[in-house]
Protein chains: 2
Amino acid sequence: MNPGVINGTYSLPPGRALEICHQIEGAILRHRIRPGTKLSEDEVGDTFGVSRTVARTALQALAHGGLVTIERNRGAFVSRPTIREAHEVFEARTLIEPRIARMAAKAMTDEALGRLQRHIDAEHDAFAKGEMGLALSLSGAFHLAIAEIADQKVLTQILHSLVSRSSLIIALYWKRPDTACESHSHHALLDAFLRRDQSAAEEIMNSHIVDLHSGLDLIDRDENEPSLADVFATS
Amino acid sequence: MNPGVINGTYSLPPGRALEICHQIEGAILRHRIRPGTKLSEDEVGDTFGVSRTVARTALQALAHGGLVTIERNRGAFVSRPTIREAHEVFEARTLIEPRIARMAAKAMTDEALGRLQRHIDAEHDAFAKGEMGLALSLSGAFHLAIAEIADQKVLTQILHSLVSRSSLIIALYWKRPDTACESHSHHALLDAFLRRDQSAAEEIMNSHIVDLHSGLDLIDRDENEPSLADVFATS
DNA sequence: TGCGCAATTTTTGTATACGATTTTTCCGTT
DNA sequence: AACGGAAAAATCGTATACAAAAATTGCGCA
């Protein structure tokens, strides 16, 4: 149920740091913390009642996943993917995820189908309650769940990072601010899985990612956080 | 020229830690440190004349790249990829690298061609001198150089981790211990790039990775470091 | 009033200290 | 001699302290 365990079998930030990673990651994925937000070590440490040492470890782990950017002598910030990177992330997903969907269809079990169904239900629920952030993070978790069913640890870890960054990209560049990020694609995917139709799963996943990509507003424009002057400019 | 900068634009381990990462990574990639070797924080710190704090940061960064595995309360070790993971890594490379080769062929410049040529020369050189470890690490660097030419940062970072782990996999599972890991594939690739032949580049890269994969001895067998008993077993 | 420089404050980089866990060693018992 | 357990050593997890760098503030001057 966790919207995105950071772990990928290698690092496992020790003790408390892991839990802090999860907390911060969850908050970012649910859009409760905006891209660009500063995450100072003291602040994080105080918030979770640990020393800077632990906070630092957590932030560095998040940085390796791409959710957080650390600037030397300046500190950690929630990442703000550039338009360029947004394209690259979705191109990478277009390359990887259809293959994963195919493998998942091949390895599908009834039990796994049930899990996916519950994912979709939870997503629906959150959407109905207007909790868009939660719905979005569950939507990402759905993609990750498929990768886990495909049982490909290496690709799953890669996808984890791509999905996380996608959440930041959506926060920054999604076209229609709060309207429907709900698509019926997930249902269609589930249906393909139900039929164990590998080619259909692959194809549906492909167009789903392409759809997401084209739902972004990636024209060149400013690139930078609007300054206060911009915000209060009268026009 | 560095056989594998760990950096991927997000983390940049602060100050000294970055340099230590490079040093350790280089040593592992050149097979001067075997998979399974323990890297204690004190040892690393003493070796490079820094405190454990910095050594720890470096080890954690390496762990996130997959070169090092950290076990709670036990410490850091050079990773020992399982057979399972070995397959996954090469399957992932088979998925990603042909595409990267295509994009590189598309974006190829004369200057970039020169760089690739020099990579091959250096590789050749090292091989001629019998410095197998160095030759192997340069071979990995060649693949990364291609990704950089394709100018896809996201995929390059992913590939970086895959190539690093491939080096560990080769150290553990390569069939003919010191004979020819020299293939003419790199020359063939360079030739395709020279002609800007995207499809050829893609295809050659594909079979190159498949060749590497099948050059591994990935039958089930023990999985674990042979015990002393195994080593001295008389049969 | 607006600009620029300097002092202050905040925040990160690194070192060190101490407690907790694990591993090793050593010794007594069977 | 072999086994088991307790003491000792080594190693990691975390907190804290101090130095260095950056950001902020405030003052003086034009």
Side-chain angles (χ1 to χ4, degrees), chain A residues 6-7 9-24 33-34 36-64 67-80 224-229 232, chain B residues 6-7 9-24 33-64 67-80 224-225 227-229 232:
Chain A
I6 190 139
N7 151 25
T9 63
Y10 286 111
S11 70
L12 282 221
R16 318 286 213 312
L18 181 62
E19 178 57 21
I20 295 175
C21 275
H22 286 161
Q23 294 277 125
I24 296 179
I33 314 179
R34 289 268 315 167
T37 306
K38 167 125 206 221
L39 300 172
S40 91
E41 297 177 355
D42 273 326
E43 187 190 348
V44 172
D46 291 352
T47 304
F48 295 98
V50 295
S51 76
R52 267 183 58 215
T53 310
V54 176
R56 209 148 199 286
T57 300
L59 289 171
Q60 285 171 350
L62 289 167
H64 284 113
L67 269 185
V68 158
T69 301
I70 295 177
E71 293 176 36
R72 176 131 221 268
N73 273 320
R74 296 215 41 226
F77 305 81
V78 179
S79 298
R80 303 185 79 254
N224 300 316
E225 178 87 334
S227 68
L228 271 188
F232 292 107
Chain B
I6 189 135
N7 152 24
T9 63
Y10 285 113
S11 71
L12 281 219
R16 319 292 208 314
L18 180 62
E19 178 56 22
I20 296 175
C21 276
H22 286 162
Q23 294 278 123
I24 296 179
I33 314 180
R34 290 267 315 167
T37 306
K38 167 129 206 220
L39 302 171
S40 89
E41 297 177 354
D42 274 326
E43 187 190 348
V44 172
D46 291 351
T47 303
F48 295 99
V50 295
S51 75
R52 266 183 60 216
T53 311
V54 176
R56 214 156 194 294
T57 301
L59 290 170
Q60 285 171 352
L62 290 167
H64 284 114
L67 270 184
V68 157
T69 301
I70 296 177
E71 294 175 35
R72 177 135 222 267
N73 272 320
R74 296 214 43 227
F77 305 80
V78 179
S79 297
R80 305 185 78 254
N224 299 317
E225 177 88 333
S227 69
L228 271 188
F232 291 108

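Residue numbers start from 1 in every chain, and the chains themselves are labelled A, B, ... in the order their sequence lines are given, proteins ahead of strands. Note that the structure is a prediction, hence the values are computed from the model and not measured.
Residues A:Glu19 and A:Arg16 fail the side-chain proximity criterion, which asks for heavy atoms closer than 4.5 Å. A:Arg34 places none of its side-chain heavy atoms less than 4.5 Å from the side chain of A:Val78. Counting heavy atoms from C-beta outward, B:Leu67 and B:Ser79 have side chains that stay 4.5 Å or more apart. No side-chain heavy atom of B:Leu59 sits under 4.5 Å from any side-chain heavy atom of B:Phe77.
Of the candidate nucleotides D:dA15, D:dA17, C:dT22, C:dT22 has the atom lying nearest to any side-chain atom of B:Asn73. Of the candidate nucleotides C:dT23, D:dA17, C:dA15, D:dA17 has the atom nearest to the side chain of A:Arg52. Listed candidates were C:dT11, C:dT14, D:dA15. Nearest to the side chain of A:Ser40 is C:dT11. Between C:dT12, D:dA23, D:dT14, one nucleotide has an atom nearer to the side chain of A:Asp42 than all others, and that is C:dT12.
OP1 or OP2 of D:dA21 has not a single side-chain nitrogen or oxygen of A:Arg74 nearer than 4.0 Å. Close to C:dT10, at under 4.0 Å from its OP1 or OP2, lies no side-chain N or O of A:Lys38. Within the structure, a side-chain polar atom (N or O) of A:Ser51 is placed less than 4.0 Å from OP1 or OP2 of D:dA15. Between D:dA21 and A:Arg72, no contact under 4.0 Å exists linking OP1 or OP2 to a side-chain N or O.
For the pair A:Asp46 CG and D:dT14 C1', the computed distance is 15 Å after rounding to whole Å. Between the CZ atom of A:Arg16 and the C1' atom of C:dG19 there is a distance of 12 Å, rounded to whole Å. If you measure from atom CG of B:Leu39 to atom P of D:dT11, you get 13 Å, rounded to the nearest angstrom. Separating the CD atom of A:Glu41 from the P atom of D:dA17 is a distance of 17 Å, rounded to the nearest angstrom. In this entry the distance linking CZ of B:Phe48 with P of C:dA15 reads 14 Å, nearest Å. Taking atom CD1 of residue B:Ile20 and atom P of nucleotide C:dT14, one finds them 9 Å apart after rounding to whole Å.
Distance alone, capped at 3.5 Å, places no donor-acceptor pair between the B:Thr37 side chain and the B:Ile33 backbone.
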